[in-house]
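Since the structure comes first, as structure tokens, the remarks are kept for the end.
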Amino acid sequence: MMPLLLIIPLAWAILCILLPQRWLSLTIRAGLLLQVGAALLLTADVYVNGPIEYALGDWQAPLGIALIADGVSVTLISLSAVVALFVAFYAQSYLQRYEHEQTYFWPLFWFLLASLNGIWLAGDLFNLYVGLELLGLAAVGMVTLTGEKPALHAALRYLYAALLGSLAYLAGVAILYGAYGTLAIPQLGELLDANITTFVAIGLISIGLLLKTAIFPFHYWLPPAHGGALAPVSALLSALVVKASFYILARVWLDMASEINSHVVLYSAAQGLGVLGAGAILWGSWQAYKAAQVKMLVAYSTVAQLGYLMLLFPLAIGTTAVAAGLAWQGAMLHLLAHGFAKAAMFMSVGTLVLAIGHGKVNDLAGVSHRIPISLFAFGLSAVSIMGLPPSGGFNAKWLLLQSAMASQQWWWFILLVVGGLLTAAYVFRVFRISFVEKATHEFSSTSSTLDFTALALAAIAIAMGFFSQWPLSLLQSSGFQGGGL
Amino acid sequence: MMPEFTFWLPVVVVGTSLLAALIIFALPEAQQRTRSVLNIGAAVVKLAIVAYMVQLIMAGDIAETRFEIVPGIDFLLRADALSMLFAGLSSVLWLFTTLYAIGYLEGSPHRSRFFGFFSLCVASTMGIALAGNLFTFLIFFEMLTLSTYPLVVHRGTEASLKAGRTYLRYTLSGGAVLLTAVALFYGLFGAEAAEFTEAGGFQTLGEGSEVSLWLTILFFMFIAGLGVKAALVPLHGWLPVAMVAPAPVSALLHAVAVVKAGAFGIVRVVYNVYGIEFAWQLGVLLPLAILAAITILWGSLQALRQIELKKRLAYSTVSQVSYIVLGVCLFGPIGTIGGLVHLLHQGIMKVTLFFCAGNYAETLGIHRIDELDGTGKRMPLTSIAFTIGAFGMIGVPPTAGFISKWYLASGAFAAGMNWAVLVLIISSMLNAAYFLPILYRLWFKPQKQPWPDEQIAAARFETHGLLLWPVVATAVFSIAAGLFAAHAFSPLTWATLISVREYLP
Amino acid sequence: MIILLVLLPLLLAALVTEQRVRKQLWIFAAAPLPMLLVAAGYIFHGDGLASGETAMVLNADWLLLGVYWRVSGGLVTLLAVTALLWLLAGVYSWQEYQKNPGEAHLARYLRCWLLTLTGNFGVLVAGDIASFYSFFALMTFAAYGLVIHFETRPALFAGRIYIAMAVLGEALLLSGLLWGAHLINDDISPLLRELPRAIAASEQGPWVALLLFTGFGVKAGLAGLHWWLPLAHPVAPTPASAVLSGAMIKAGLVGWLLTLPLGEFSVMAADYSNIAWLAIGLGLIGAYGAAAMGVFAQQAKTVLAYSSVSQMGMLTCMLGVGWLYPQFWLAIFAAMLAFAMHHGVNKTLLFLGVGIRKRIPAAFVPLLLVLMAIPALNLIGLPFTSGAYAKDLFKAVLTELPQPLIYAIFSYAALATTALILRFAWLLR
Amino acid sequence: MISFSVDFWYAGIGAALIALSLLAFLLSKRLLKKLLAFNIMGSGVFLMMVGMAQTQNDGAADAVPQALVLTGIVVAVSATALALVVIRRFALASVVAALAAENKAAENDAAENDAAEKNGAERTGSDTAVSDTTVTDTALTDPNLNKNGDPQ
């Protein structure tokens, strides 16, 4: 069952290149349904009888490629399948105006999906490297779609950052392989001992992944790339792509290095990651508050929200099992909720900008009664981003708060609460303008699928506020837990 | 009673207005008729269910919805006596406010958006009323902030946007403080202590000094978080500024939804989380009573200075809501009854006053008090309703206000806090000082200049039907609540039932 | 049945409308009539009411806070006299407005008239504290409409003072009643008759008594709290000031009699002598001070107002003495009742006389003056008049008391009243 | 045995290569130079990977690093290809943009001159000298460092 998740997207990527325009939309829809079906079947399978191993072409480790599907990876697969489903429907009507981009968008879309599934299922470090690279190239390709100068400029910055990151990651992998002779994460987990080479390797891998996840000091490439790209592209990038490298970072720190991460060097490094996260939250929120373009605002909001994810490390490493468990669940729930909410936010903002024609925040005047559904979708997703109840974001923030309290790390507690307020500051900037009575631009009509797909994703983010028990119980059954629950 | 059936009752109550909100949002602006039918239908259905649940509670049964939302914490909606008090108030007043809003917003733009958020706001009020533990309460408390913001900025003018900004600044920071308090509470005392129990969860707790220190700190954080919505003095800044919103919004915000949610929260925390006896031992009630007293006097003094009618009513709300908080702090069953019954009475009376203010503004374009001369003759029914409401606020019998002041004062005497009676009396005199001049202008002054902008001519009745009859109805209610106070179905009897259960350990 | 009598004027008030008020003037007279007939019936026919016994009890525990209305023995005579006075003033105003229907705000005046009437009857009939206070407040606030009826500048000023003093009085009264109700602390709707015993029994009793004394003192024109009286009377229409002076001031007195721990209660826990002496002192100051100010007044009605203040001062003095010597309380109580009724009737007649003086042709004026001499002499207390009778009752008690000084001052008060009446006659010639 | 066997030499040189090319990558402003630096860094990593691996099972040829390096090279080549295409497209776009900016500037001058003639004020026609920045040069500078503000 698992290889299907890789085969379908790759096959569909090729199909999209070959097929003529007329049959394209039908095949895409079929592919999407197949993809979601496969994801849900795998989730059910893992939920019923725990994690599954699958050796490609039954080559055993260390040479062969092993695919592991445990609770975490299955949750993330369903996340990417569902988000991809709605983004695809959105893109189909959004790209009608962009004839030229349409032809190249779909193959890249499927490659992206394939690489994502590859990363979620990968069991060893090198597979992750390959997945990362494919993901990076597909993402850069998508960013260049519009072909205008700023988009190309952003794409180049993104490409160089991605390349630098993956090389650092490869160097780290090389050192690890040199020292321990294997690249499979479970085996590495047992072999690792706390010596200088391991620290250097983990350091390099972390720097590489931080670059690719655009965490605070290395975030310079994200806003122009996500802000400048087409709406469906930036939705996919913000919701899924940056999460993949974070997921690998979490696996490295919490799964592979789980035995040795209470070592003083790694413990303080984890606190360092937390500080980077705090920097991301404060700097991202400040930049978002100042941003003139509404897409840049949402992009900087991504930078800020990724800061919350980084809090997983200080809260889960070197703390009691209870605190680590809570931190792990909180981070994962935040990842899911942010995935849905940010995709919905980018899509709704895309519709608004499409209708108005101008991208500045102040041009959104009078939107609330002309395009209410998109604004309502933006509102719902904003509720989850701000971490206000009843949303998935709130439950995630709640779990992180509980974990911070359980591990007596009050500074993260305060940061979480203040972070929520900062987010509210820049989100309500948009609301304030949208309620202004007289519109400054006349609005061109947009098709309703744009509104309703964004609304659906936002509704899922809000519904997770009530039903966050399902994904969390799924995470319970996953192979590894931060700090072993 | 089949347990299955009562499981879904609370959810249905909250669900009706949620569903209504979603459908109304989807309705295009033009379908005015379907929207009104839907609105009123939802209100009536909700009223019926609440009435049925009240009858259920009388029989001692409990309707409860519970499922695990976050590991270890339940999403709990439970209908107990206290929640029915607030739920009953909001559902009754929501029906009148909907009728009034339909009449008030005749022909104005974006009504779909307005009524959507309007029912969303009431759904969250229902949620607050029925919340069974602190976590669920927090969820609906924040939902209330989000759903009321668009109502405050409904007009879209610069002033209302500025008001919205202030409103957000206050309520969101209050929400953050409340989130911290609830998170700390759950962290320190676990989920079962956070569940609302009849007589509060803490009598049993041993007197560890460190624990009681934490409890005191948490108590004042709760009060700070809830105090923003309950408009306690330092945190009341948003209330007068939010007067820019249209009349049905300020009526709903100030009489039913937001302000009462804050006060109701404080009642929940004192009675059902800490327990009145434990709170008294902890010694936290006295500072809260002093804060409430300061708010009462400060609100009345400020109201004296206002020249705009709605601003004066806003400051009067600031002081009146603190009666409830004062009632809560009077350690003793009578004081509790006084506080709880005032929760209802103030709601009914203040809705009447705001409806009248809305009528004056909508029909004759009057916004300032000195333009009110001679309106008694032009709009007799509205002015009579305003007079009843005003006398209610002063506490002149036989209005409902008198009953609550009577119980608050007796409660204060019973609790030995005689200074509280002094505060009540002074505040009544201040109320007289700022309401009687208005009545004087209404009835005894001839009309000087023509009305600022008379929109609705004086046909058979003074103004639009939908504007007039809700006002008359709520005025009759405030008189009936006072006159038939001792009656079986009166708010007073219901408050006594609650307070008896609070003090029955 | 009693509820019908008390609330009848309220119902009639509801019927009054702008357009048909000219034809509804008969209501002025009709409103107090039934209560008068019933009260008179009790006094003259049948067994008559012994002072302790109550008749026509209404017990509705679902209304307000548990309503208990009764017509008690002691008050039934006062009720009859009040009804009579309201009838007289009603007939007067009925005839007056029959002649010149062009009067402005007539409907509002009639409605306020009826509301004040309801309040006045209610105060005498209410048995439980909540409805007693409700009627008292209704009477006070409705009387405002009567005071400022002509809407002249002095009338509005007098109205403002009246309302300010009224609100102050209500506040004192409410706190006193609430504190008393708390002291009774059996259930939530305490009855008036349990109040004196509860106040006497508790050690905070003097404070509660002081609050009640001053609260009712505002209405009863106690010296120092009487400012609104001489301002309100001259500006109010004649029948209104007649009723204000004759019947409504007595409500303050009734309040004292019902709530203060007099008679057999005053000997219990705390001692009330200092409040009693305060009452005596203020009473006498009121009697003489008002007379002194009244003599220099310019208008006939102001003189009468000051005479009311001075008469009420004497009543307060009686109350003080009665409070000091509980054993004589019953006799003094009878004397006070007689004095109150005597003063009510005569003062109302004088007020109406002043009104009539302006309306009738010059030829009849000497006849009117002769007729008005009777109530005037009554007030002075000439032998064989009702005034003398009431005062002698009190003086008889005073002689047995070891207080020669009060006896002397009290009897000289008659001189003060004579001076006032002479001034009144001089102004009226 | 700390003698420097041949493998360590490879790994050492690889590390040196990485260091040098990283330096070049960060400092240079020209896009192509950065790309070259990236390629050298890639081969440095591969060299290190091969060098480090030999120490495992005492000298016998170990297939895994070879396979890894092969994949690494494939990935590096594809990345370089994509980078080259994007740089070319970027250069083209910036030329187009520069020209567009130029004629817009020209039109403004024309409008100004007409306006000047219209209101008769004699103004010395100071046509804006097109700054002779070599168009290709600006296009190829390193996107990270040039400061032309928001992409929009």
Side-chain angles (χ1 to χ4, degrees), chain A residues 325-326 329-330 333 365-366 368-370 372-373 375-376 379-380 382-383 386-391 394-406 410 413-414 416-421 423-425 428-429 431-438 455 459 465-469 472-473 475-476, chain B residues 22 25-26 28-29 67-75 109-114 116-117 124 127 135-147 149-150 152-158 160-162 164-165 167-169 171-173 175-180 182-188:
Chain A
L326 282 171
Q329 287 176 343
L333 199 58
S368 63
H369 42 269
R370 287 176 183 72
I373 299 183
L375 190 73
F376 192 64
L380 287 183
V383 164
M386 283 190 278
L388 288 177
S391 65
F394 173 71
N395 291 1
K397 187 158 97 171
W398 175 268
L399 289 168
L400 288 175
L401 282 173
Q402 294 299 320
S403 157
M405 240 167 39
W410 301 109
F413 190 94
I414 295 160
L416 280 162
V417 172
V418 166
L421 282 179
T423 328
F428 274 101
R429 253 186 81 204
F431 277 119
R432 216 173 63 75
I433 302 288
S434 66
F435 275 103
V436 166
E437 189 52 34
K438 42 162 183 34
L455 191 63
F466 294 102
F467 307 114
S468 54
Q469 199 46 27
L472 286 178
S473 57
L475 290 174
Q476 226 67 22
Chain B
L22 295 182
F25 271 128
E29 189 67 21
F67 63 90
E68 196 177 17
I69 185 168
V70 167
I73 300 172
D74 289 350
F75 178 84
H110 339 309
R111 273 174 293 171
S112 270
R113 184 187 72 187
F114 179 87
F117 283 113
S124 21
F135 190 78
T136 332
F137 180 85
L138 183 64
I139 287 183
F140 287 106
F141 200 71
E142 290 300 326
M143 238 171 92
L144 187 62
T145 315
L146 295 174
S147 48
Y149 171 74
V152 170
V153 293
H154 175 67
R155 287 237 168 78
T157 58
E158 194 37 46
S160 58
L161 284 171
K162 225 170 72 60
R165 176 195 291 262
Y167 175 71
L168 269 184
R169 204 166 285 145
T171 40
L172 280 182
S173 29
V177 169
L178 188 65
L179 169 68
T180 327
V182 169
L184 285 174
F185 192 91
Y186 268 86
L188 293 171

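Proteins get letters first, then strands, A, B, ... in listed order; numbering begins at 1 in each.
- With hydrogens and angles ignored, the 3.5 Å screen pairs a side-chain donor or acceptor of B/Glu68 with a backbone N or O of B/Gly72.
- A tilted orientation is assigned to the rings of A/Phe394 and B/Phe135, their planes being inclined by 30° to 60°.
- Both the backbone and the side chain of A/Pro390 come within less than 4.5 Å of a heavy atom of chain B.
- Each of A/Trp398, A/Phe428, A/Phe466, A/Phe413 has some count of heavy-atom pairs under 4.5 Å with chain B, and the biggest count is that of A/Trp398.
- Looking at B/Arg169, there are no atoms closer than 4.5 Å to chain A (heavy atoms on both sides), in backbone or side chain.
- Using modelled atom types, no side-chain atom of A/Ser391 and backbone atom of A/Gly387 make a donor-acceptor pair closer than 3.5 Å.
- Residue contact with chain A, scored on non-hydrogen atoms closer than 4.5 Å, involves the side chain of B/Phe25 exclusively.
- Inter-residue side-chain proximity for B/Arg113 and A/Phe376 is flagged as unmet; no heavy-atom pair is nearer than 4.5 Å.
- Only the side chain of B/Ile73 comes within contact range of chain A, with at least one heavy atom under 4.5 Å from a heavy atom of that chain.
- At a 4.5 Å heavy-atom cutoff, the contact between B/Leu168 and chain A is made by side-chain atoms alone.
- Heavy atoms of B/Val177 lying under 4.5 Å from chain A are absent altogether.
- With a 4.5 angstrom heavy-atom cutoff, A/Gln402 touches chain B only via side-chain atoms.
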I'd like a table of donor-acceptor pairs (distance under 3.5 Å, sequence neighbours excluded) in which one partner is a side-chain atom from residues 136-146 of chain B, with atom names and distances.
from, atom 1, to, atom 2, distance (Å)
B/Thr136, OG1, B/Leu76, N, 3.2
B/Thr136, OG1, B/Leu76, O, 3.4
B/Thr136, OG1, B/Asn133, OD1, 2.3
B/Thr145, OG1, B/Phe141, O, 3.4
B/Thr145, OG1, B/Lys229, NZ, 2.8

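- With a threshold of 4.5 angstrom between heavy atoms, A/Ile414 does not approach chain B through any atom at all.
- Residues A/Leu472 and A/Asn395 form no side-chain contact, since every pair of their non-hydrogen atoms from C-beta on lies 4.5 Å or further apart.
- B/Tyr167 pairs by the ring-ring contact (aromatic ring centres under 6.0 Å, His included) definition with B/Trp238, not counting sequence neighbours.
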